[in-house]
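Residues take their numbers from the sequence shown, with the count starting at 1. Order of listing sets the numbers, starting from 1, for every ligand and every atom in it.
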Amino acid sequence: MLDKTTQDWKSLAAGLAIEGRAFINGQYQDSLSGETRETTNPGNGQKLADVANCSVEDADRAVEVARATFESGVWASMSPADRKMVLVRWAELIEDHADEIALLECLDVGKPIADTTGVDVPAAVRTIRWSGEAIDKVYDQISPAPADCLALIQRLPLGVVAAIVPWNFPLSTTAWKLAPSLATGNSVILKPASNTPLSALRIAGLASEAGLPDGVLQVLPGPGGSLGRHLALHEDIDGLTFTGSTEVGKRLMQYSGESNLKRTFLELGGKSPNIVFADANLEKAAMFAAIAVFYNGGQTCTAGTRLIVEESIREQFVEMVVAQSKNWMPGDPLDPATAMGPMIDTAQLDTVAGYVDIGLKEGATVVAGGCQVMKDTGGSYYEPTILNGVSNGMRVAQEEIFGPVMSVIGFKDAAEAVAIANDSIYGLAGAVWSNNINTAHRVAAAVRVGTMGINNYFGGDMTVPFGGFKQSGNGRDKSMHAFDDYTELKTTWIEFDT
Ligand code: NAP
């Protein structure tokens, strides 16, 4: 882990065996057409591996396998206590291979190795273990029926579930989808993002090793526009769980309506408000304001990209955050000291640079960053960037940039802070910083988001649900509430002869 040097990780990377084939019916296999697509390392722009490029025919084959497995009851009818054992064993195997999986994620996504070893892999392990351990503690219900009746209310698996995930947290979002969907007895087809398929493919093999019956989990890499769309329109898929952009999420809702009304749960974009009052612990708030945007290069759905600061301290606080931003200069993802890696690809880099130009044209001022760096590496690195003098109507305050760009907006009183925070199509996350308990609670209660921090940012663990209000989605990942997205409620009404 962190006892390794950059050179150690480079040596390990050089010897890494990468699995790029699809995973269907418990076996790694080529796509039916034999087509592959390259996945590249965002850290240097070089090819990493050839990966199966699955088509709609592969999807049909995977759905057939998943349906047959579900109907057989080999997993769905297994006792929750036995399903628990498989998931817990799977978590252990991922932990046993932690360095290898962390390295794969680092190379495929460009995430710093300190993050993949310290955050992504442990989060996946925790999620799978937690859901496994929880599933044999979930009781169904008996309703308050009349004395000559017994009414059972049970939660049953949906059946065949498709999961489509993005490139920014490939391993964690995969775990957030697979752990509760498998724990509740479904058969699942996961489509990773085309840019970042490797960690999901790797852990699928470990699931088999842990005892997951063949055909319960398939992983199909391939293009969203054809393979993903086909899954979302499929008549024999009962549930769809998605993490990605609001734009694609809207299409998936339409596909559900055009096909079989499959249960569709979406975790989408955000433009989260981070509200700082003058009476806050400003040192801590400044440190977290930087973490909230620059962690993962700002490629985080919950990033606190709108820093909403009380006017009386705005200039002083911006200076403190600018100082903090210097800790986030990008570096080689394989260097354990690196805090921020590259953008996922050149297209994302261009988007980020384009938004900084838009901000300048709209009248904002760049007070930190604003440039591409480390061009000679072949990777897409961009400086941590702060735009001051933003007003909430500007595009840089309304649109998800998905890069290390913070927009600073001033406010005069709590009512204005809340109005600015809520003036967004999104409602994913946010935070408020104040040492006045009344201000903090009043503001936190009034901001319409799925997760709100008081005097912290990115707080939370597996025990709490995660998801969005408004156009940030529906449904919830994590916690016992995640089980709701993968189950149907069934009533059985029994009458006794008298
Ligand atoms: P994206 O473009 O929406 O892609 C997400 C996934 O959907 C990918 O696997 C993609 O496949 C697939 N896809 C694309 N078009 C599709 C279609 N027509 N039908 C079915 N599937 C399709 O999002 P992204 O750029 O990968 O990820 C960034 C977005 O995810 C941001 O908006 C971010 O806020 C959001 N996000 C949200 C959360 C949350 O929990 N709320 C967490 C992380 C990220 P390809 O890769 O082949 O295009």
Phe483: partners by ring pair (Phe, Tyr, Trp, His ring centres under 6.0 Å), with sequence neighbours left out: none
Residue list, salt bridge (charged side-chain N to carboxylate O under 4.0 Å, His left out) with Lys262, at least two apart or on another chain: none
Basic-acidic side-chain contact under 4.0 Å: Arg21, Glu19: yes
Short side-chain donor-acceptor distance under 3.5 Å, Ser55 and Glu57: yes
Heavy-atom donor-acceptor pair, Asp236 side chain to Val63 backbone, under 3.5 Å: no
By ring pair (Phe, Tyr, Trp, His ring centres under 6.0 Å) - contacts of Tyr382 (at least two apart): none
Near ligand 1, at a heavy-atom separation below 4.0 Å: residues by chain and residue number: Ile164, Val165, Pro166, Trp167, Asn168, Lys191, Pro192, Ala193, Ser194, Gly222, Pro223, Gly224, Gly228, Arg229, Phe242, Thr243, Gly244, Ser245, Val248, Arg251, Leu252, Tyr255, Glu267, Leu268, Gly269, Cys301, Glu400, Phe402, Leu428, Phe466
